[in-house]
Q: 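This is the structure, below, for whatever I ask next.
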Amino acid sequence: MGLVCLRLGTAIALFHDGLAGFVGSPHHFLRLLIDAAAGLFLSAGLWTPIAGGVAAMVGLTGAFWRSGDPWSYILLAILGVGLAMLGPGAWSVDAHLFGRKRIRIPDR
């Protein structure tokens, strides 16, 4: 359930970032498309490591090259990297398509 909350929170931030960029300047359609696609994939749990990497890239480019508060973009980058490393979780399209992978560390 925690991964679902992380995925949805990151997806909402991506949707907001894409729409804010599009409203501010309608010629940034590619930015809206990238943010919306990554947010959609994260909310469904499809291709989560790739979508998390895209979210991290969006966050890093926002932190260094966009005006405004860089800390919200840094938070988006941290969430994207975390989701890329953690994977989709049990409640995702990836888990239904490819199976859930669990790593067990044996006891000594």
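On a predicted model such as this, the values are computed, not experimentally measured, just so you know.
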Q: Work out which heavy atom in Gly39 is nearest to a heavy atom in Ala11; give both atom names and the distance.
A: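 Looking at all heavy atoms of both residues, the closest pair is O-CB, 3.2 Å.
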Q: Give a yes or no on whether the backbone of Gly18 and the side-chain of Arg31 come within a donor-acceptor separation of less than 3.5 Å.
A: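 The answer is no, because no donor-acceptor pair under 3.5 Å joins these two groups.
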Q: Do Leu76 and Val54 sit in one hydrophobic cluster, given that two such residues count as connected whenever their side-chain heavy atoms are within less than 4.5 Å of each other, even indirectly?
A: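 Linked within one cluster.
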Q: Spell out, yes or no, whether Val58 and Leu30 are grouped together once hydrophobic residues are joined by side-chain heavy atoms under 4.5 Å, including indirect joins.
A: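 Yes, same cluster.
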Q: Are Phe41 and Ile50 co-members of a hydrophobic cluster defined by side-chain heavy atoms under 4.5 Å apart?
A: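 Same cluster.
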Q: Hey, what do you get for OG1 (Thr10) to CG (Leu42), rounding to the nearest 0.5 Å?
A: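 Going from OG1 on Thr10 over to CG on Leu42, the span is 6.0 Å.
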Q: Under a 3.5 Å distance rule, please check whether Asp17 uses its side chain to pair with a backbone N or O of Asp35 as donor and acceptor.
A: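 Not a single qualifying donor-acceptor pair exists.
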Q: Leu46 and Val4: same hydrophobic cluster, using ILVMFWY side-chain contacts below 4.5 Å?
A: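 No, it is not one cluster - the side chains of Leu46 and Val4 are not joined through contacts under 4.5 Å.
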Q: Between Leu6 and Leu75, is there shared hydrophobic-cluster membership here, with clusters defined by ILVMFWY side-chain heavy atoms closer than 4.5 Å?
A: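 Same hydrophobic cluster.
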Q: Return all side-chain donor-acceptor pairs below 3.5 angstrom for residues 78-93, not counting sequence neighbours, or 'none' if the list is empty.
A:
residue: Ser92; atom: OG; partner: Gly89; partner atom: O; Å: 3.1
residue: Ser92; atom: OG; partner: Ala95; partner atom: N; Å: 3.1

